Amino acid sequence: MRYSQLMLPTLKEDPAEAEVISHRLMFRAGMIRKVAAGIYSFLPLGLRVIQKVERIIREEMNRAGAQEVLLPCVQPAELWMESHRWQEYGKDLLRIEDRHSRDYCFGPTHEEVITDIARREIRSYRQMPLNFYQIQTKFRDEIRPRFGVMRCREFIMKDAYSFDTDEVGLGKSYQKMYEAYTRIFTRCGLTFEVVEAETGLIGGTASHEFMVLAETGEETIVSCQSCNYAANIQKAEAKRTRLRARSAKKIINPLKKVETPDKKTVEEVTKFLKVMPEDLVKTLIFETEQGVVATLIQGDHEINESKLGNLLGCDEVKLASDDLVLEVTGAPKGYAGPIGLSVKVIGDYAVESMVNFVTGANEQDAHYINVNLGRDVKVDQFADLRMVKEGDLCPRCGKSLNFSRGIEVGHIFKLGTKYSKALRATYLDENGREREIVMGCYGIGVARTAAAAIEQYHDEDGIIWPMPIAPFQVIVVPVNSKIEALMETAEEIYRLLVNNAVEVLLDDRDSSPGVKFKDADLIGVPLRVTIGEKNLKKGLVEIRRRKNGETTVIEKDRIVEAISALIHEEVKGSLHA
RNA sequence: CGGGGCGUAGCGCAGCCUGGUUAGCGCGCCUGCCUUGGGAGCAGGAGGUCGGCAGUUCAAAUCUGCUCGCCCCGACCA
């Protein structure tokens, strides 16, 4: 490709709206342009990167035995009603009407459509296992799109769906995808971590997220320093502390009510009573589909609403309104406590080992001290209800946990029979019995993967693409376009490299060298061949590596072998990342 | 949806508070000269219904109302 013929509009200045580094650089490098909030066009350079990522995905999906299909983006409401997601999905689902006022949606994902195919085509256990995947544009009407291509409304996604006869088969399909994903992100040159995750709206029994480690990541991930435990913060658990030594020894004091005028928050109350936050139990009232429940959490801990929801089997749990708190506890918010409550009380495991703690007295301006379980408080159930925090220990091995930030680029789910049951996708087993197909689904955010690579690999001059997903592997820069010898050599090297299947961009613009160098750095091409007058007189050209600025001068006749060796080395390097 | 903010040339911004000639600046773009190993220099030039609609006024980018779009923080989410 010749630069002069490529639509590659680079910008010197950062666009005002771009906040995160990948957004800024994709914009400045002429990869993307915004069309509307959360909706982008990909310009040629951006598309090249997307296609490189897609190619790696296709190769690995095919290797894992998956078959590519193409599904519709506009889907009939009926299918979504059958799975109940027409109601459940909420406002993220972009609903549209056709000219006959029939309801459709723009597909945010494709479980319904693929399950529809499965129920029509799969009859027998002999036809499984099967795995279909598609790479296409989806739409989720995000409340607030942000971070450029990382969190958009319209986005390119690879989704795969597996169909098995039973859980054992699903386990195998899931494992294959786990391995394929590991290969995909490794081949893209990314540093990532696989974490246990929540299943969320998609539903299902088990799930892992593939997280690219980056400061700007939206997700917090927790991982063990010594074993391989790693989980999304939403899912992460901490080792349960046994009855603490200090608690075990402590004398149980008599319950006492104390005045706490105007002290509502954990901080205010503990400061006023001169105790530590971990000596207080906060009582949080929740409104759920199962009715109102009270939860008991150690003062310095945070409730994890999704854990509570999972425990109760509810899709939605909502912190009670001030009015409801008043109704349930008889006191305004800030004075709730478990003593005398008539609703179901669920305690976090950490509370189980506490003695002589502080709680609200269900009475304005009053708290109890020396509260104890059993004697004063009846807890219906203990469970893991809290967020893991710094200092907690690994639930598997007891060593310390690390906290880091990640960008979710892939997510795999064991769906089970949720959709096959709803859409009645069944098959006949060996005994002629009708059974539900067991499904899994597996997604990768394609553009997000490219953006994550930029978050991970950039410097103050621009993008530093990993070789396998770089839009071009090499850029050829003649320093002075007015000197014929330089241009001729550049052309010659360009042709040689093209003929040897190297992806090369020839900067044939009549610009000053500074401009060409700056653009080359900005768009992040891994290797630059610089052709300057002095070197050329000695029959030499220079090769510069974007990632470390390292330059080597070689005889121009050896250019093809030198470049090939470097490409090979960098591709291999990312495989071992 | 709540809170904050922004819409002026392709991009980044000033002007608005305190209304008044031809609406500026930097980058980019066009022409010419010159220059060529890290976003050169000089000269000339093109490009704006100041987001839209309505109002106040002799007069609106500037004041008022409505509206549309966008950004940031939060709740939500891949």
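Computed from heavy atoms alone, side chains included, the values below leave out hydrogens, waters and symmetry copies. In what follows, chains are A, B, ... by sequence order, proteins preceding strands, each numbered from 1. Treat the numbers as computed from the prediction; the structure is a model and nothing was measured.
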Discussion item. Pairing donors with acceptors under 3.5 angstrom, does anything connect the side chains of A/Arg528 and A/Thr530?
Written reply: yes
Worksheet item: Distance between the P atoms of B/U56 and B/A75, in whole angstroms?
Response: 46 Å
Response to the item:
Of B/G38, B/G12, B/U36, the nucleotide closest to the side chain of A/Pro15 is B/G12
Worksheet, complete the sentence: Under a 3.5 Å limit on both distances, the Watson-Crick or wobble mate of B/G10 is B/C27
Worksheet item: What distance, rounded to whole Å, do you find between the two P atoms, one in B/A40 and one in B/U35?
Response: 16 Å
Practice prompt. With C1' as the reference atom in both, quote the distance from B/A59 to B/C13 in angstrom, rounded to an integer.
Written response: 28 Å
Worksheet item: Using a cut-off of less than 4.0 Å, is there contact between a side-chain N or O of A/Arg144 and OP1 or OP2 of B/C73?
Response: yes
Item to complete: For B/C66, give its Watson-Crick or G-U wobble partner with both distances under 3.5 Å, or none.
Response: B/G52
Worksheet item: Are side-chain N/O atoms of A/Thr10 and A/Arg28 paired as donor and acceptor at under 3.5 Å?
Response: no
Discussion item. Once you apply a heavy-atom cut-off of 4.0 Å, does A/Asp141 come out as touching a base, just sugar-phosphate, or nothing?
Written reply: nothing
Worksheet item: Would you say the side-chain atoms of A/Glu193 and A/Ser223 include a donor-acceptor pair closer than 3.5 Å?
Response: yes
Worksheet item: Can you check whether A/Lys12 has a side-chain N or O nearer than 4.0 Å to OP1 or OP2 of B/G28?
Response: yes
Worksheet item: In whole Å, what separates the P atom of B/A60 from that of B/G55?
Response: 12 Å
Discussion item. For a quick check of understanding: with a heavy-atom distance under 4.0 Å over all strands, which category does A/Ser511 fall into, base, sugar-phosphate or nothing?
Written reply: base
Worksheet item: Taking OP1 and OP2 of B/C71, is either one under 4.0 Å from a side-chain nitrogen or oxygen of A/Lys34?
Response: yes
Item to complete: Round to the nearest Å and state the distance from A/Arg33 atom CZ to B/G10 atom C1'.
Response: 9 Å
Worksheet item: Under 4.0 Å between a side-chain N or O of A/Arg146 and OP1 or OP2 of B/C72?
Response: no
Worksheet item: Using the P atom in both, what is the distance from B/G10 to B/C66, to the nearest Å?
Response: 30 Å
Discussion item. Check this for me: does any side-chain nitrogen of one of A/Asp507 and A/Lys516 sit under 4.0 Å from a carboxylate oxygen of the other?
Written reply: no
Worksheet entry | Pair A/Arg546 + A/Asp461: basic N to acidic O under 4.0 Å | no
Worksheet entry | Identified pairing partner of B/C1, criterion: Watson-Crick or G-U wobble below 3.5 Å | B/G74
Worksheet item: Roughly how many Å is it from CZ in A/Arg24 to C1' in B/G12, rounded to a whole number?
Response: 14 Å
Worksheet item: Does any donor-acceptor pair link the side chain of A/Asp14 with the base of B/G12 at a separation under 3.5 Å?
Response: no
Worksheet item: Over how many whole Å does the gap from A/Arg28 atom CZ to B/G12 atom P extend?
Response: 13 Å
Worksheet entry | Atom-to-atom span, CG of A/Leu8 to C1' of B/G28 - whole angstrom | 15 Å
Fill in: Ring centres under 6.0 angstrom apart (A/His208, A/Phe210)
no
Practice prompt. With heavy atoms under 4.0 Å as the rule, sort A/Glu17 into base, sugar-phosphate or nothing.
Written response: sugar-phosphate
Item to complete: Report the residue (A/Ile531 or A/Glu218) whose heavy-atom-nearest nucleotide on RNA chain B is the more 5′ of the two.
Response: A/Ile531
Practice prompt. Using atom NZ of A/Lys518 as one end and atom P of B/G28 as the other, report the distance to the nearest whole Å.
Written response: 14 Å
Item to complete: Would you indicate which nucleotide in B/U35, B/G12, B/G38 comes nearest to any side-chain atom of A/Arg544?
Response: B/G38
Discussion item. Once you apply a heavy-atom cut-off of 4.0 Å, does A/Lys534 come out as touching a base, just sugar-phosphate, or nothing?
Written reply: nothing
Discussion item. Counting only Watson-Crick pairs (N1-N3 plus N6-O4 or O6-N4) and G-U wobbles (N1-O2, O6-N3), all under 3.5 Å, who is the partner of B/C16?
Written reply: none
Item to complete: For nucleotides B/G7 and B/G45, find the distance between their P atoms and express it as a whole number of Å.
Response: 30 Å
Discussion item. Please report the distance, rounded to the nearest Å, between CG in A/Asp519 and P in B/G28.
Written reply: 11 Å
Worksheet item: Looking at the side chain of A/Ala37, which of B/C71, B/A75, B/G38 is the nearest nucleotide?
Response: B/C71
Practice prompt. Sticking with atom C1', work out how far B/G19 lies from B/U64, rounded to a whole angstrom.
Written response: 13 Å
Worksheet entry | Whole-Å distance separating the CD atom of A/Glu19 from the P atom of B/G5 | 17 Å
Worksheet item: For A/Asp461, which contact category applies under a 4.0 Å heavy-atom criterion: base, sugar-phosphate, or nothing?
Response: nothing
Practice prompt. To the nearest Å, give me how far apart CZ (A/Phe517) and P (B/G39) are.
Written response: 10 Å
Worksheet item: For the side chain of A/Asn480 and the base of B/G37, is some donor closer than 3.5 Å to an acceptor across the two?
Response: no
Worksheet item: Quick one: do the A/Asn548 and A/Glu550 side chains pair a donor with an acceptor below 3.5 Å?
Response: yes
Worksheet entry | Side-chain N,O (A/Ser512) to OP1/OP2 (B/A40) below 4.0 Å | yes
Discussion item. If I pick the C1' atom on B/G47 and the same atom on B/C25, what distance separates them, to the nearest angstrom?
Written reply: 15 Å
Fill in: Sugar-phosphate only, base, or nothing, as touched by A/Gly532 at under 4.0 Å among non-hydrogen atoms
base
Fill in: Ring center gap for A/Trp80 and A/Tyr89 short of 6.0 angstrom
yes
Worksheet item: Starting at the 5' end of RNA chain B and moving along, which residue's nearest nucleotide shows up first, A/Glu533 or A/Glu13?
Response: A/Glu13
Worksheet item: Nearest of B/G12, B/G39, B/C70 to any side-chain atom of A/Ala36?
Response: B/C70
